[in-house]
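Values below: all heavy atoms of this structure, side chains included; hydrogens, waters and symmetry mates excluded.
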Amino acid sequence: MPKEAINQVAANQGAVSHQGVSQEVKVYKVWDTPTRLFHWINLGLVMVLIFIGMVMLFKGDIGISGLEAKIGLKKLHVWVGYLFAINLSVRLIWGVIGSHSARLSQLLPDLKGLSGYKAKLAKGESPQYLHHNPMGRLAIFAMMLLLVTIMVTGLVRAGTDIYYPPFGGAVSDYIAQPGVDGASIKPYDDTGVDAQKVAVLKPYKSLAGEVHVYSVYLLILMIVLHVAGVIVAEIKHQPGLVSAMISGNKPLSGPAEDEKH
Ligand code: HEM
């Protein structure tokens, strides 16, 4: 018996016709409120961060110039980045202490399940999943890894580039000349800065910046694949996937493959 069957929404039972065959649909509770909130807040913040990031990258082409504007964009990006980092950190903690469907174990790749899933699709069947199907799990695992990488490299870059928390205080103290208070050091200003120590930090700063931007490009690719996969699955195999991430109620027209014991 699926664990979430206890939470089955009895009122929403009915019959649907799929590929000419009438099937009984049962609606289950899935994706608790914190998980759904994380998903939509994360989507919004990632879109805003991609937008600000692209403005930063191509500011010359769109007529934005001057050091003040450059630093202002970075500060804005980092402030929104903090919201993104808080939302992601809460989700990771919730993945350890939250409900069954929020657990991080639900996001780990299921390679055995993947071959079974593909075999069923090849036979023209529409296997039903209470959580992610094995293909979705793969995409979500990759996106989570990329989000964490982007968060860590972004925070490192915020510290080394504009001396923002959580690492900025330590960075500015390190690069300050003897007798200079690290807190007095300004971004993109050499006053009071030890050039040799800046040179020591430079490779790490560059690496963090490159990993940050290439992870963003990979994330954009994964978002496109994820959305395409959801649309195909929603239309061809399991209607109600998208609304389940809004309402927390998921209709299944057969036994849940991921809850079989
Ligand atoms: C999914 C979330 C994020 C996306 C899509 C994103 C996107 C980008 C992009 C496209 C750039 C390149 C701009 C450039 O190099 O001129 C960039 C740079 C930067 N990001 Fe992010 N970012 C994200 C999260 C974060 C976070 C969480 C932080 C820190 C709180 C952060 C801090 C920075 C900083 C400081 C730079 C400037 C690097 C530099 O110009 O040297 N980012 N980001």
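- Around the NZ atom of Lys197, the shell of radius 6.0 Å holds more than 12 heavy atoms that belong to other residues, nucleotides or ligands.
- By the 6.0 Å contact criterion, CH2 on Trp40 is enclosed, its count of non-hydrogen atoms from other residues, nucleotides or ligands being greater than 12.
- A 4.5 Å side-chain heavy-atom check between Trp31 and Ser247 finds every atom pair outside the cut-off.
- Between Lys75 and Tyr164 the shortest side-chain heavy-atom distance falls below 4.5 Å.
- Counting heavy atoms from C-beta outward, Gln106 and Ile140 have side chains that stay 4.5 Å or more apart.
- A donor-acceptor contact closer than 3.5 angstrom is absent between the side chains of Ser184 and Asp181.
- Not a single donor-acceptor pair under 3.5 Å links the side chain of Arg91 to the backbone N or O of Ile86.
- Scanning both residues, Ala244 and Arg36, for their nearest heavy atoms gives O-CD, 3.7 Å.
- Applying side-chain contact (heavy atoms from CB on, under 4.5 Å) to Ile150 and the options Leu218, Val46, Leu219 leaves one that passes, Leu219.
- A donor-acceptor pair shorter than 3.5 Å cannot be found between the side chains of Asp258 and Tyr129.
- For residues 138-162, the pairs satisfying side-chain hydrogen bond (donor to acceptor under 3.5 Å, both in side chains) are Lys74-Asp161, Thr153-His212, Asp161-Tyr188, Asp161-Lys205, with sequence neighbours left out.
- Within 6.0 Å of CE in Met135 there are 12 or fewer heavy atoms belonging to other residues, nucleotides or ligands.
- Side-chain polar atoms of Glu259 and His100 form a donor-acceptor pair below 3.5 angstrom.
- For the pair Thr35/Asp32, a side-chain contact is recorded, criterion being any heavy-atom separation below 4.5 Å from C-beta on.
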